[in-house]
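Every chain is numbered from 1 and lettered A, B, ... according to where its sequence line falls, protein lines coming before strand lines. Values below: every heavy atom of this structure, side chains too, minus hydrogens, waters and symmetry copies. Quick caveat: nothing in here was measured; it's all calculated off a predicted structure.
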Amino acid sequence: MSEQLAKTYDPKAFEEKIYQHWMEKDFFKADANSEKPPYSIVLPPPNITGQLHIGHALDHTLQDILIRWKRMQGYETLWQPGTDHASISTEVKVVEKLKKEEGLTKKDVGREGFLERAWSWREEYGRKIVSQMKKLGNSCDWSRERFTMDEGLNEAVTEVFIRLYEKGLIYKGNRIINWCPSCRTSLSDAEVDHHDKKGNFWHVKYPIKDTDEFVVIATTRPETMLGDTAVAVHPEDKRYQHLIGKVAILPLLGRELPIIADEYVDQDMGTGALKITPSHDPNDFEIGLRHNLEQILVLDEEAKVNERGEQYNGLDRYEARKAIVKDLETGSFLLEVKEHDHSVGQCSRCTTVVEPITSEQWFVKMESLAKPAMDVVNNGDIQFVPDRFSKTYLNWLENIRDWCISRQLWWGHQIPAYYCSECDEIMVSKEAPTQCVKCGSADVVQDEDVLDTWFSSALWPFSTLGWPEDTKELEKFYPTDVLVTGYDIIFFWVVRMAFSGLEFMDKIPFKHVLVHGLVRDAEGRKMSKSLGNGIDPLEAIEEFGADALRFTLITGNTPGNDMRFHLERLESSRNFANKLWNATRFVLMNNEDAVEKYEDVKEHLNTMDYWIISRFNQVVRDVTENMDRFELGIALQKIYDFVWNEYCDWYIEFSKSRLYGENLEEKKVDYENFQLTFEELDYDVQKKRISLQIPIDSKDKFV
RNA sequence: GGGACAUUAACUCAGUUGGGAGAGUGUUAGCUCGACAAGCUAAAAGUCGCAGGUUCAAGUCCUGUAUGUCCCACCA
C-alpha cells in the first residue's frame, strides 16, 4: 500500500508546487536549435492596465491546451509570452493615479516625470499579470518574456517606421481625424464606437446674397456652422438649379459661402441642401478637397470654440450649440426643429463624444498593404476557425482607410521623425540627427507624438523572435502555427499582424486563427467594471482550482461563440478534478501487486482489461482528431465521458470484484446495462481482432 | 444600409462527413456497498423557433419567415 491520498482533491495544496516543478525542470523552454519539428504560438500580450480577466483565462487556456498537446506529441514548442504597453489605456490610468495620489496633472510633472511614473506602473502591473498567468497554469517560455516597449521591440518599431516611410507608405498629412477632447489625442477609426443618440434636426435659413431668397439647411450640429465654407446641392436637383454658383450668407457670422454642386449630396435627405464644414465632418472634408474649399477649424483640443468662432469663442461645443440655436431663433433664421436620432462616435477608452477635426497626423497608406493580406486569406494560407470570420476580416480590408498612427500621448513609442526649426525639414531616422540635412541648423527637435499602440502589436509575431536581427528563433519558429484571439480584435490586431508579417517577413505570421467569443455573465451581459458583474479568474482559482476554471471555460464552448459563465459549472468541473483524484487514489490504494511492464501482465488480461484498453485507444484517436480540428470542447467532453462513465463507473467497479473477491450481485451492479455496453465493446474489439469470451451471464466474479 | 450569429429537456449549452436526440445543473425515487455524498443506481423531462423544399432518411443541406444578440458603415 502506497501513501494514502486525501479523500478530496485540494488544488491549493498542489498547484503552486507543480508549477514550480515545471519551472525548475525547464519544461516550457523552447530550444531554437532543436531537431524536433517546431510548433509555436505567440501569446496575445495582455495590457499592463490592470489584472487578468476571465477572457484572458479562456484565451490562454485554449493556447495552453494546444501547446501542451503538441509538446507531448514531440514537437519543439514555443509559447512566446509578453505584455503590451497599451499606450492610451495605460496613460489614462497613470493620469488618474497621478491625480488621485499626487493631485497633479500630466503637465505638472512634464514628459519625463510622467514617463517615470508610467514605467513604475508597468513594473508593478507587468509583474502582477505575469504572476497571474502562472497561477492559471500557462506553460509559456518565461525566459523569453517580452514587452512591447523593451529595447528589442523599440528597435523593430523604429525599423518598420523608417522602412515604410522610405517606401512612401507612411506620410504626414493634414486630414480629418477622430479627436477625443478628453484624452486630447487623435484616435484611429477602430477606436471609435458608434451609438445612436437622440438629437435634433435644426432647419436653418441661409440667405442668398443680393436676393430675398434663402436656402434651408438641415443640420444635427448647428455649432459647426461656424466653420462652414460652402453650401452644396446635388447637381441635378431641380429645386436648387438656379442657386448653383450664387453665394449664400452664413447666418450670425455673415461670411459668404459659395453654393456648389456635388454628387455626394442626397436629394432626399434633409432639405437636399447641405452646409459644408470641411474641418469638422469627414464627408465635408472630402467635398472640400474636391472643390478647393477653405478649411476653418473652429474648435480647439478641448472642443471649445476658438477665435475663429468670433463671438462664441471660449464656449464649449455644447454651450456653443445652445447659444447658436438661441441666436438663430432670435435672428429668425431657425425655421423648425425636428427630433432625429443619429449615430454619434465615442472614444472607446473614455466614452467622450469624439470630434472630427482636421489635424496634422501621421498615416499609413493602406491600399498596397491590404491587398496581399486579403490574398492570403482568400487562397487559404491563413485559415480562420471558424471560417466565417474570414468574412469579417476581408470585409474590413476591402473598405480600409489609411491608418492614423500618431497619438498626442506620452506613453508609447515616440515617432522617429525630427523637424528642423529653421526650415521645417522632416527627417526620419533611428538616431536623432545632430543637424538639419537641408540647412545645417542644429536646432532639430523630435516629433512629440507617439505611435498607436497597435503599431507595435502588429509586429509581435516576429519582433518577439528577434526581428530585425536574423535570428535562429525566427528561422525555427516563424511563421507561428496558430493565433488564438477574440473576435473583437480581428480588426485591431489580426489584420495588422497579417499585413505586417507579409511586408517585413514576406511570410504569413500564422497559419490558423482560432477565434473565440466573449465570456459573458450568467445573464448574458458583457462583463464590465461599471456593472460589477465580472468574474475574477483568480478568485475562481482560489476557490475551485485552476483546472476547474479551465475545464469550465473549455467545455460547452465552441469557437467563435460567446459563452455565459455560471458558477455552478465551476462546481461540476471541480467535481471532475476530484473524480480524477479519487480514481488515482483508488489505484494507489490497490497497487501492491502492480507490475510495471505490459509484457508481464498481458497473459492475465481479462475481458474488462481488453475492453478498457480498446476504449482508451479509441478515445485517443477521437480526441486527436478533434484537437486537429480545434474542437477542444468536444475533445475534452470525450475525455470526461471516458474517464467518468467508462473508466470509473465500469472498469473500476468491476475491478473491485477481482481485488476483493466480492459478489457482484451484492454490489448491485446492473448487469442489464452492462450487457448493452458490452455489445458496443464487442464491435470495438472485433475491429482490433481481439478474441473475447464474454461471461455476461456469469454472476461469478470476473477473473 | 450591409453582414454575422443564436433559437435543441426547467436552466446553461454540446451535437464535426445527413441515419442513436445528448451532457452538466436542477427535479423525483432509492443508496453512509472499503476511490469519491464534490459520490453511486435509476427515473421523469424535448413535434431541435415557424413554414416550405431536397433526400429512402434532416437538429444537421436549401429557400423563406419570426424573435433575439453582435459587428461594420463618413445616413447632413
Pairs: protein N or O with nucleotides 27-29 of chain B N or O, under 3.5 Å:
none

Quiz item: Closest to the A/K656 side chain: B/A35, B/G15, B/A76?
Solution: B/A35
Quiz prompt | Non-neighbouring partners of A/V623 that pass side chain to side chain contact (heavy atoms under 4.5 Å, CB included), sequence neighbours left out | solution = A/V619, A/M627, A/A635, A/K638, A/I639
Exercise. Please name all residues satisfying ring-ring contact (aromatic ring centres under 6.0 Å, His included) with A/F214, sequence neighbours left out, ordered by chain then number.
Key: none
Exercise. Just jot down the side chain to side chain donor-acceptor pair (under 3.5 Å) partners of A/D237, sequence neighbours excluded, or say none.
Key: A/R239
Quiz item: According to a 3.5 Å limit on both distances, what stems of 3 or more consecutive Watson-Crick or G-U pairs are formed with RNA chain B?
Solution: B:1-7 with B:66-72, B:10-13 with B:22-25, B:27-31 with B:39-43, B:49-53 with B:61-65
Practice problem: Apply side chain to side chain contact (heavy atoms under 4.5 Å, CB included) to A/E339 and list each qualifying residue two or more places apart in sequence or on a separate chain. | Solution: A/N200
Exercise. Please list, chain by chain and in numerical order, all residues satisfying side chain to side chain donor-acceptor pair (under 3.5 Å) with A/S186, sequence neighbours excluded.
Key: A/Q361, A/Q408
Quiz item: Base, backbone or nothing for each nucleotide of nucleotides 58-73 of chain B, written B, S, -, heavy atoms under 4.0 angstrom, 5' to 3'?
Solution: -------------SSS
Quiz prompt | Residues forming a side chain to side chain contact (heavy atoms under 4.5 Å, CB included) with A/T220, sequence neighbours excluded | solution = A/F201, A/H340, A/H342
Are any protein N/O atoms closer than 3.5 Å to N/O atoms in nucleotides 6-12 of chain B? If there are, list each pair with its distance.
none

List, one per line, each side-chain donor-acceptor pair under 3.5 Å for residues 552-564 of chain A, sequence neighbours excluded.
from, atom 1, to, atom 2, distance (Å)
A/T552, OG1, A/A548, O, 2.8
A/T552, OG1, A/R569, O, 3.4
A/T552, OG1, A/S573, OG, 2.6
A/T555, OG1, A/F551, O, 2.8
A/T555, OG1, A/R569, NH2, 2.8
A/N557, ND2, A/L553, O, 3.4
A/T558, OG1, A/N561, ND2, 3.0
A/N561, OD1, A/R388, NH2, 3.0
A/D562, OD1, A/Y487, OH, 2.8
A/D562, OD1, A/L518, N, 2.8
A/D562, OD2, A/Y487, OH, 3.1
A/D562, OD2, A/R520, NE, 2.8
A/D562, OD2, A/R520, NH2, 3.0

Exercise. List in chain and number order the residues that pass side chain to side chain contact (heavy atoms under 4.5 Å, CB included) with A/T271, two or more places apart in sequence or in another chain; answer none if no residue qualifies.
Key: A/H203, A/V216, A/A218, A/Y240, A/A273
